[in-house]
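Heads up: the structure comes next, in structure tokens.
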Amino acid sequence: MTITHNLGYPRIGAHRELKFALEALWHGKSGENALRATAAELREENWRQQADLSLAPIGDFSLYDQVLDMSATLGNLPERARANEGSSLDAYFRIARGRASSDTACCSVHAGEMTKWFDTNYHYIVPEFSAGTTFSLNADRLLEQLAEARAQGLTAKPVIIGPVTYLWLGKAQDGSNPLDLLPDLLPIYRELLEKIAAAGAEWVQIDEPALVTELSADWRHAFALAYHDLKTTPVKLLLTTYFGELRENLQLACELPIAGVHLDAISAHGEVSQLADWLPAHKVLSLGVINGRNIWKTDLNATLDWLEPLKEKLEERLWLAPSCSLLHVPVDLESETTLDPEIGNWLAFARQKLQELGILAKALDHGREAVSQELKANLGAVESRRQSARVHNPAVAQALSAITPELGARKSPFSARAALQKQRFQLPAYPTTTIGSFPQTPEIRQARKEFRQGTLAPQDYTVRIKEEIAYCVERQEALGLDVLVHGEAERNDMVEYFGEQLEGYVFSRFGWVQSYGSRCVKPPILFGDITRPNAMTVDWIRYAQSLTDKPLKGMLTGPVTILNWSFVRDDQPRRDTCLQLALAVREEVQDLENAGVGIIQIDEAALREGLPLRQSDWNGYLEWAIEAFRISANGVGDDTQIHTHMCYSQFNDIIGAIARMDADVITIETSRSNMELLDAFKGFEYPNDIGPGVYDIHSPNTPKAAQVTSLMKKAAERIPAQRLWINPDCGLKTRRWEEVIPALEAMVAAAKELRAHH
Ligand code: GLN
Ligand code: ZN
């Protein structure tokens with residue numbers, strides 16, 4: 001029988017039960033017991049949904065983050081977690097979010113740093129190390145969950161993060177090398193594995209996704225050291241990799257003394273046969289054959305075409321699983337009762353993906369006839385998607401093939417454009433502006449909600465939004481800002497707003513995916529060729545512009561960000577989807593220009609998120625991503641000013657690509673680092689205008705004018721003053737007006753001060 005297993009299941013719950021239980025605890029509305037009860041129910045339900053697997057994962061469930069859980073298991077929660085009174089859960093949440101439910105503001109400690117989990121949209125809490133870090137085992141959580149699952153009748157497979165990846169994920173504050181901790185860490189792993197074996201588990205999934213990245217010799221060597229050390233452990237280790245190809249690490253993975261290897265056969269399909277050839281005959285090969293990163297049905301027949309010969313060759317050594325943890329997809333398609341049925345038939349969420357896995361295993365074990373009905377239904381769905389006129393629009397294909405390099409180029413170089421724009425807008429030195437959104441008050445959210453539910457009539461909604469726009473414009477004029485915005489009151493989310501107006505998108509109701517802790521996102525589903533039936537923003541922006549003589553900046557989300565924050569098609573390259581989005585955004589840009597909007601900002605907040613895991617693959621991505629941006633932006637006259645915005649703080653390594661975007665003005669996040677991020681501009685002469693953020697919108701602190709002035713003076717050491725703008729780090733929608741007004745006043749005052757000494 002083909003062994004089936006799963007690498008991890010979404011823990012947030014089909015209706016975000018975990019989110020609400022966490023937030024109830026944090027807001028003091030319930031106690032720890034209520035949270036623990038919800039968590040136990042979710043685990044039970046998750047295991048019920050995984051009951052048909054040969055091996056069900058345990059330990060993948062987490063109250064906040066699986067990496068933080070691993071830190072707790074290894075006794076590596078930072079010292080400050082214990083700084084205050086409280087339970088072990090309090091200590092855990094203090095690191096997760098800076099404060100426990102019982103802490104008053106006075107007693108909070110700084111949260112652990114959060115960063116992206118490989119190239120996903122999930123964020124983990126970075127383990128903290130120093131030269132003096134010591135480890136100690138706390139296996140309770142894992143052993144409890146193992147006992148629970150066994151009591152439920154499952155054959156459980158504990159999931160842990162492997163020692164090398166654990167160190168690789170962390171950071172040493174004191175500049176020491178985390179790898180030096182490996183000798184102290186391994187005994188803890190040995191102890192943990194012994195306990196797991198004693199508790200009755202046969203297999204342990206030991207995640208080492210660092211193997212799909214570029215590793216230096218030290219790190220590669222660490223794998224050999226670690227797994228030789230764990231060789232005598234009484235459990236069987238399934239060395240698990242995902243999110244990419246092993247490439248130069250493939251042989252290393254084959255040779256480690258472990259009982260089996262899991263390969264992500266979706267993103268590393270080309271390595272399957274090599275691995276099957278190279279893997280020693282006593283090792284298991286687990287293949288991730290169902291995509292754990294998207295929401296499409298698998299083409300089961302096509303998968304069987306290549307799996308069947310492998311099954312013949314490997315026999316019982318072939319295991320089947322999803323490509324990675326299902327953490328990255330929504331829970332259950334069954335909840336989507338209002339989804340367009342034609343499109344719904346093309347989709348599979350976590351629960352459906354496991355059903356697909358079962359069908360594949362059955363076909364391998366008993367022949368395709370044993371599942372002929374299921375395979376026929378699957379083929380029907382796959383064919384319906386492949387042939388649907390809703391997916392394939394010949395006009396879009398034609399527009400794509402008609403793209404020429406000229407489409408992405410401005411008419412004149414920056415210096416010529418800048419001169420014309422200077423004449424047109426007559427802006428002072430150090431122009432002040434904002435990033436787009438203004439505070440989203442509860443009233444505004446309520447109005448949007450009622451409009452969506454149909455309880456607020458469209459004309460009344462329009463009046464409400466116009467009032468809000470007018471208020472925003474008035475405030476900005478009173479503050480004395482130079483380039484105004486309309487405030488984005490009509491937008492729930494910077495991608496969803498556009499997705500809803502583009503042809504080629506659908507929206508789920510419960511398609512939530514955990515982003516971090518209790519925070520979930522519901523990525524829109526891009527299923528077909530993209531067209532823009534109508535202008536998306538022009539009416540609101542034109543209205544805002546009609547209220548002021550100051551230039552008003554039209555606000556759009558760029559094609560790369562729309563792509564990176566959506567579930568996208570798997571039937572064409574991401575590049576093609578991105579170019580389609582670019583053509584749609586380009587039409588909007590041109591409509592704005594025709595409506596008299598002279599300044600247009602195209603946000604590319606997620607440009608960096610799309611970077612491949614290996615730096616050697618970056619250029620391939622950046623080439624089409626930058627091209628897509630340029631196509632979206634550059635269909636305008638020289639005196640139209642294009643802005644872009646990016647809200648991440650690392651750009652040193654892609655500064656060349658950012659310059660190639662050729663936006664007239666770019667605004668970026670910098671205030672938190674005291675402008676040190678601008679060091680990127682030391683070795684690289686950024687050619688166009690730039691607005692380094694001076695107001696950290698993530699913090700409740702309001703900057704004073706003197707701080708802004710001194711930040712800008714620092715910026716002027718890197719970038720010529722005549723090319724500097726003054727603006728916040730990012731949009732203001734999460735802040736309150738009471739905070740925003742003094743912060744913007746400080747910006748304007750600083751600008752005046754700087755101009756006076758110009
Ligand atoms: N224009 C958007 C806003 O101001 C940009 C948001 C972002 O960069 N994440 O909210
Ligand atoms: Zn931003």
Side-chain angles (χ1 to χ4, degrees), residues 433-452 454 456-479 481-503 505 524 532-559 561-562 581 584-603 605 632-633 636 640-645 667 727 730-734 737 740:
T433 190
T434 61
I435 308 303
S437 59
F438 267 85
Q440 295 220 332
T441 58
E443 294 76 32
I444 275 298
R445 292 177 195 277
Q446 185 63 24
R448 271 202 318 260
K449 196 168 155 199
E450 285 173 17
F451 171 58
R452 278 172 170 270
L456 183 64
Q459 59 275 25
D460 296 336
Y461 174 70
T462 303
V463 170
R464 271 298 285 117
I465 297 292
K466 282 191 167 173
E467 277 168 13
E468 193 65 25
I469 290 174
Y471 179 73
C472 243
V473 169
E474 200 181 292
R475 295 314 309 222
Q476 294 173 79
E477 287 206 312
L479 282 161
L481 290 162
D482 299 306
V483 172
L484 313 193
V485 296
H486 79 296
E488 301 183 24
E490 78 285 12
R491 300 184 195 177
N492 206 12
D493 174 275
M494 65 188 285
V495 170
E496 190 178 62
Y497 179 78
F498 292 93
E500 279 178 343
Q501 301 186 72
L502 292 169
E503 209 59 65
Y505 262 105
R532 187 202 65 141
N534 297 299
M536 304 182 282
T537 62
V538 175
D539 285 348
W540 300 128
I541 310 282
R542 193 190 350 228
Y543 173 70
Q545 180 69 84
S546 75
L547 301 173
T548 177
D549 294 330
K550 294 245 174 123
L552 192 120
K553 179 163 68 167
M555 201 58 59
L556 303 174
T557 303
T561 298
I562 298 181
L581 289 164
V585 175
R586 178 185 175 94
E587 289 174 12
E588 186 74 13
V589 168
Q590 290 174 333
D591 278 356
L592 283 171
E593 181 181 55
N594 291 335
V597 180
I599 304 185
I600 301 165
Q601 177 171 313
I602 306 169
D603 290 328
S632 72
V636 294
T640 294
Q641 190 171 70
I642 297 290
H643 290 217
T644 189
H645 164 72
T667 56
N727 46 262
C730 194
L732 305 170
K733 76 176 184 187
T734 57
W737 279 103
V740 160

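Both backbone and side-chain heavy atoms feed into the values below; hydrogens, waters and symmetry mates do not. Just so you know, residue 1 is the first one in the sequence shown, and it goes up from there.
Counting heavy atoms from C-beta outward, Ile465 and Tyr461 have side chains that approach closer than 4.5 Å. Side-chain atoms of Val495 and Thr561, non-hydrogen and from C-beta on, do get closer than 4.5 Å to each other. Side-chain atoms of Asp603 and Met494, non-hydrogen and from C-beta on, do get closer than 4.5 Å to each other. At least one side-chain heavy atom of Val636 sits less than 4.5 Å from a side-chain heavy atom of Val589. Between Ile599 and Thr640 the shortest side-chain heavy-atom distance does not fall below 4.5 Å. The closest side-chain heavy-atom distance from Val597 to Leu552 is not below 4.5 Å. For the pair Val740/Thr434, no side-chain contact is recorded, criterion being any heavy-atom separation below 4.5 Å from C-beta on. Side-chain contact between Ile541 and Leu592: present, with at least one pair of heavy atoms (C-beta onward) separated by less than 4.5 Å.
A salt bridge links Asp591 and Arg532; the closest N-O separation between the charged side-chain nitrogens and carboxylate oxygens is under 4.0 Å. Note on Arg445 versus Glu490: no salt bridge recorded, every NZ/NE/NH1/NH2 to OD/OE distance being 4.0 Å or above. Look at Glu477 and Lys550 and you find no salt bridge, because none of the NZ, NE, NH1 or NH2 atoms lies under 4.0 Å from a carboxylate O.
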Test Phe498 against Asp493 for side-chain contact (heavy atoms from CB on, under 4.5 Å), laying out the working first. CA-CA 9 Å; Phe498 292 93; Asp493 174 275; over 6 Å; no
CA sep, side-chain torsions, deciding dist, call: Thr537, Glu588, side chain to side chain donor-acceptor pair (under 3.5 Å): CA-CA 8 Å; Thr537 62; Glu588 186 74 13; 2.6 Å; yes
Run the side-chain contact (heavy atoms from CB on, under 4.5 Å) test on Tyr543 and Val473 for me, step by step, so that the C-alpha distance in whole Å, both residues' side-chain angles and the decisive distance to 0.1 Å come before the verdict. CA-CA 10 Å; Tyr543 173 70; Val473 169; over 6 Å; no
Run the side chain to side chain donor-acceptor pair (under 3.5 Å) test on Gln641 and His643 for me, step by step, so that the C-alpha distance in whole Å, both residues' side-chain angles and the decisive distance to 0.1 Å come before the verdict. CA-CA 7 Å; Gln641 190 171 70; His643 290 217; 3.0 Å; yes
Go through the steps to decide whether Lys553 and Thr433 satisfy the test side-chain contact (heavy atoms from CB on, under 4.5 Å), and finish with yes or no. CA-CA 9 Å; Lys553 179 163 68 167; Thr433 190; 3.2 Å; yes
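Here the closest non-hydrogen pair linking Ala535 and Gln501 is O-OE1, 4.1 Å. Ala595 approaches Val538 most closely through the heavy-atom pair CB-CG1, 3.8 Å. Taking all atoms of both residues into account, the shortest heavy-atom contact from Leu456 to Ala447 is CD2-O, 3.6 Å. Residues Leu547 and Ile469 come closest through the heavy atom pair CD1-CG2, 4.4 Å.
The aromatic rings of Tyr471 and Trp737 stand perpendicular to each other, their planes meeting at an angle above 60°, with 30° marking the opposite boundary.
The CG atom of Leu556 lies 13.5 Å from the CZ atom of Arg586; values are rounded to the nearest 0.5 Å. For the atom pair CZ (Phe451) and CD (Gln446), the distance works out to 14.5 Å, reported to the nearest 0.5 Å. Once rounded to the nearest 0.5 Å, the distance linking CG of Leu732 with OG1 of Thr734 reads 8.0 Å. With rounding to the nearest 0.5 angstrom, the NE2 atom of His486 is 13.5 Å from the CZ atom of Arg542. For the atom pair OG1 (Thr644) and CD1 (Ile600), the distance works out to 12.5 Å, reported to the nearest 0.5 Å.
Between the side chain of Asn594 and the backbone N or O of Gln590 there is at least one donor-acceptor pair closer than 3.5 Å. Judged purely by atom type and a 3.5 angstrom limit, Gln440 uses its side chain to pair as donor or acceptor with the backbone of Glu488. Between the side chain of Gln476 and the backbone N or O of Cys472 there is at least one donor-acceptor pair closer than 3.5 Å. Side chain of His645 to main chain of Thr667: a donor-acceptor pair is present (N/O by atom type, distance under 3.5 Å, no hydrogens or angles). Proximity of a side-chain donor or acceptor of Ser632 to a complementary backbone N or O of Pro559 within less than 3.5 Å is not detected.
In this structure, Glu443 has no salt bridge (Lys or Arg N to Asp or Glu O under 4.0 Å) partners at least two apart in sequence or on a different chain.
In this structure, Lys733 is not positioned above the aromatic face of Phe438 in the sense of NZ or CZ being under 6.0 Å from the six-membered ring centre and within 45° of the axis.
With Glu500 as the fixed residue, the salt bridge (charged side-chain N to carboxylate O under 4.0 Å, His left out) test singles out one of Arg452, Arg491, Arg448: Arg452.
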